[in-house]
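Note: hydrogens, waters and symmetry copies are ignored here, and every other heavy atom, side chains too, is used.
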Amino acid sequence: MSADIYDLRGLNCPLPVLKTRKRLETMPGGSRLWVETSDPLAVIDMPNFCLTDGHRLIETVTIEGGHRFHIERG
């Protein structure tokens with residue numbers, strides 16, 4: 001199953017979570033999305049967002065200058 005990459009590098013808390021929430025709302029259940037961030041707090045915020053909003057965090061990858069989160073829409 002392929003997943004789009006949503007580039008949110010350069011945005012700081014809470015924008016990565018807010019924009020990810022808005023993007024996922026437009027996607028069908030079970031869809032997957034890679035989210036790239038440069039915000040250091042995203043490693044705390046994204047897992048919490050997924051847990052509270054019913055999405056599944058499949059993987060977190062450290063990339064140059066930030067992180068990439070693989071999320072499946074709940």
Query - Heavy-atom closest contact (Asp39 atom, Asn12 atom, distance) - result: OD2-C, 3.6 Å
Query raised in the report: Among the clusters formed by ILVMFWY side chains lying less than 4.5 Å apart, do Leu57 and Leu51 turn up in the same one?
Result: no
Query - Donor-acceptor pair, side chain of Thr62 and main chain of His67, under 3.5 angstrom - result: no
Query raised in the report: Would a 4.5 Å heavy-atom cut-off, applied to side chains only, mark Asp45 and Pro14 as touching?
Result: no
Query raised in the report: Can you name the closest pair of heavy atoms from Leu11 and Ser38 and give their distance?
Result: N-OG, 4.3 Å
**Report entry** Leu15 and Leu8, any side-chain heavy atoms less than 4.5 Å apart
**Finding:** no
Report task. Go through His70 and Arg56 one step at a time and tell me if the side-chain contact (heavy atoms from CB on, under 4.5 Å) criterion holds. Result -> CA-CA 8 Å; His70 195 192; Arg56 182 167 74 106; over 6 Å; no
Query raised in the report: Residues in salt bridge (charged side-chain N to carboxylate O under 4.0 Å, His left out) with Arg73, at least two apart?
Result: none
Query raised in the report: Taking the hydrophobic residues Ile, Leu, Val, Met, Phe, Trp and Tyr, and joining any pair whose side-chain heavy atoms are under 4.5 Å apart, which ones share a cluster with Trp34?
Result: Ile5, Val61, Ile63
Requested in this report: Report yes or no: do Met27 and Phe69 belong to one cluster of Ile/Leu/Val/Met/Phe/Trp/Tyr joined by side chain heavy-atom distances under 4.5 Å?
Outcome: yes
Report summary line: Sorted by chain and number, sequence neighbours left out, side-chain contact (heavy atoms from CB on, under 4.5 Å) with Asp53 holds for Arg21, Phe49, His55
**Report entry** Verify same cluster id: Leu33, Val43 (apolar side-chain graph, 4.5 Å)
**Finding:** yes
Requested in this report: I would like to know whether Arg9 and Thr37 meet side-chain contact (heavy atoms from CB on, under 4.5 Å); could you show each step before the answer?
Outcome: CA-CA 4 Å; Arg9 292 173 293 174; Thr37 67; 5.7 Å; no
Query raised in the report: Hey, does Arg23 have a side-chain heavy atom less than 4.5 Å from the side chain of Asp4?
Result: yes
Query - Thr52 side chain vs Asn48 backbone, donor-acceptor pair below 3.5 Å - result: yes
Query raised in the report: Which distance, rounded to the nearest 0.5 Å, do you find between the CZ of Arg68 and the OH of Tyr6?
Result: 15.5 Å
Query raised in the report: Which heavy-atom pair separates Ile71 from Ile58 by the least distance, and what is that distance?
Result: C-CD1, 4.4 Å
